[in-house]
Participant: 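I'd like to ask some things about the structure below.
Basis for what follows: all heavy atoms, side chains included, without hydrogens, waters or symmetry-related copies.
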Amino acid sequence: MREPMGIHSNAVAAPPQLLLERLKDYGQEDAFALWDELSPEERHLLLNDIQSLDLSRIDRIIRCSLRSQGLPVAAIEPVPESWVSSVDERTMDHKERWWKMGLKAVSEGKLAVLLLSGGQGTRLGSSDPKGCFNVGLPSGKSLFQLQAERILCVQRLAAQAMNEGSVTIHWYIMTSPFTDDATGKFFESHKYFGLEADQVTFFQQGTIPCISKDGRYVMETPFKFAKSPDGNGGVYTALKSSRLLEDTATRGNKYVDCFGVDNALVRVADPTFLGYFIDKGVAAAAKVVRK
């Protein structure tokens with residue numbers, strides 16, 4: 001005799017077979033280990049979480065990481081001296097020429113500034129975004145404020161040097177799902193530190209599952225993966241997925257000055273460095289402190 005519909009509505013249903021097979025392909029089927037104990041709502045959340053992952057990309061990252069453990073470190077050679085300009089060897093003529101080239105590019109709207117600010121200040125004893133941190137200056141200024149004021153300073157210098165009415169440097173700030181809301185509110189509460197609100201664009205980096213030493217996904221709950229931001233290297237994917245590469249092109253940006261939020265001494269949009277970069281005609285350059 002056929003039973004009425006719904007009488008076994010609470011019976012345990014197996015995980016979707018195709019999804020289970022995909023997880024097995026990557027050795028991650030343990031994600032379903034507590035499936036039988038989950039409510040229908042929790043199962044739905046787990047399935048959505050799994051389907052949101054780029055399993056093949058994450059597997060490549062895990063394999064690369066595990067293979068690198070114990071391998072000898074590749075030899076590091078210094079770059080040719082001809083590729084380097086050091087402060088102590090720089091002539092006044094070079095410094096002045098690069099300074100003017102940099103200010104000219106800034107005044108023409110060719111420079112954008114990109115801040116990597118996805119991390120929380122946990123190592124600093126704070127759950128706030130790192131940029132909110134007061135590094136202990138007498139002024140009590142946060143890292144965000146220090147960097148915003150340096151942008152304002154370069155804008156003013158470029159406007160004066162080129163006799164422009166006003167100059168704007170667009171500031172792209174990469175946050176993470178853990179810092180995005182707090183970062184936006186911090187800027188709003190401080191009136192963007194004197195910058196215009198529309199010259200600051202926030203965008204989020206991605207996240208990837210945390211993994212154990214043997215490469216298995218770590219679960220935050222029985223139906224949710226533990227995740228963390230995908231690091232500063234995630235900026236490339238984030239810029240592309242946020243369509244900000246098109247945005248920079250629309251604004252006429254040709255150069256991007258990229259730096260980390262916890263660099264309290266960074267010379268944001270340094271005109272001399274920008275001029276040196278333009279003069280050399282290279283695709284990328286880095287500023288370092290000699291040991």
Participant: If we ignore hydrogens and angles and just use 3.5 Å, is the side chain of Gln199 paired with the main-chain N or O of Glu196 as donor and acceptor?
Facilitator: yes
Participant: Can you tell me if Ser86 and Glu89 form a side-chain donor-acceptor pair at under 3.5 Å?
Facilitator: yes
Participant: Any chain of hydrophobic side-chain contacts (each under 4.5 Å) joining Val235 to Tyr255?
Facilitator: no
Participant: Spell out, as yes or no, whether a donor-acceptor pair under 3.5 Å connects the side chain of Gln28 to the backbone of Gly215.
Facilitator: yes
Participant: Tell me if a side-chain donor or acceptor on Arg216 pairs with a main-chain N or O of Glu29 at a distance below 3.5 Å.
Facilitator: no
Participant: For Ala269 versus Asp257, what's the shortest heavy-atom pair and its separation?
Facilitator: N-OD2, 2.7 Å
Participant: Got a second to check how far Cys132's SG is from His190's NE2, nearest 0.5 Å?
Facilitator: 8.0 Å
Participant: Do you know the tightest heavy-atom contact between Ser176 and Gln204?
Facilitator: C-OE1, 3.8 Å
Participant: For the backbone of Ile169 and the side chain of Gln155, can you confirm whether one donor and one acceptor N or O come within less than 3.5 Å of each other?
Facilitator: yes
Participant: Looking at CZ of Phe223 and NE2 of His44, how far apart are the two atoms once the value is rounded to the nearest 0.5 Å?
Facilitator: 12.5 Å
Participant: Specify the closest pair of heavy atoms between Arg57 and Ile208, including all atoms of both residues, with the distance to one decimal.
Facilitator: NH1-CG2, 4.0 Å
Participant: Can you name the closest pair of heavy atoms from Gly109 and Asn253 and give their distance?
Facilitator: O-ND2, 3.0 Å
Participant: Can you tell me how far apart NZ (Lys141) and CG (Leu146) are? Round to the nearest 0.5 Å.
Facilitator: 6.5 Å
Participant: Is Thr179 reaching over with its side chain to a backbone N or O of Thr175, donor-acceptor style, under 3.5 angstrom?
Facilitator: no
Participant: Drop me the distance from Asp25's CG to Leu20's CG, to the nearest 0.5 angstrom.
Facilitator: 9.5 Å
Participant: Could you grab the distance from atom CG of Leu157 to atom OG of Ser107, nearest 0.5 Å is fine?
Facilitator: 12.0 Å
Participant: Distance-only, no hydrogens or angles: does the Ser52 side chain make a donor-acceptor pair with backbone N or O of Asp49 under 3.5 Å?
Facilitator: yes
Participant: With a 4.5 Å cut-off on side-chain heavy-atom distances among I, L, V, M, F, W and Y, is there a chain of contacts connecting Leu195 to Phe259?
Facilitator: yes
Participant: Output yes when a side-chain donor or acceptor of Gln147 lies under 3.5 Å from a complementary backbone atom of Val261, and no otherwise.
Facilitator: yes
Participant: For Tyr217 and Ile62, run side chain to side chain contact (heavy atoms under 4.5 Å, CB included): C-alpha distance rounded to whole Å, both residues' side-chain angles, the deciding distance at 0.1 Å, then the answer.
Facilitator: CA-CA 10 Å; Tyr217 294 167; Ile62 293 172; 4.0 Å; yes
Participant: Calculate, to the nearest 0.5 Å, the distance between atoms CZ and CD1 belonging to Arg63 and Ile58 respectively.
Facilitator: 13.0 Å
Participant: Tell me whether Ile211 is reachable from Leu55 by hopping between hydrophobic residues (I, L, V, M, F, W, Y) whose side-chain heavy atoms are closer than 4.5 Å.
Facilitator: yes
Participant: Would you find a donor on one side and an acceptor on the other, under 3.5 Å apart, between the side chain of Arg43 and the backbone of Trp35?
Facilitator: yes
Participant: Going by ring pair (Phe, Tyr, Trp, His ring centres under 6.0 Å), Phe144 matches just one of Phe193, Phe133, Phe187, Phe202. Which one?
Facilitator: Phe187
Participant: Any side-chain to backbone donor/acceptor pair from Ser241 onto Ala238? Under 3.5 Å, distance only.
Facilitator: yes
Participant: Ignoring hydrogens and angles, tell me if any N or O in the side chain of Glu37 forms a donor-acceptor pair with the backbone of Leu34 under 3.5 Å.
Facilitator: no
Participant: Can Phe186 be reached from Leu152 by stepping across I, L, V, M, F, W or Y side chains whose heavy atoms are under 4.5 Å apart?
Facilitator: yes
Participant: Looking only at heavy atoms, what is the nearest atom pair of Pro222 and Leu46, with distance?
Facilitator: O-CD2, 4.2 Å
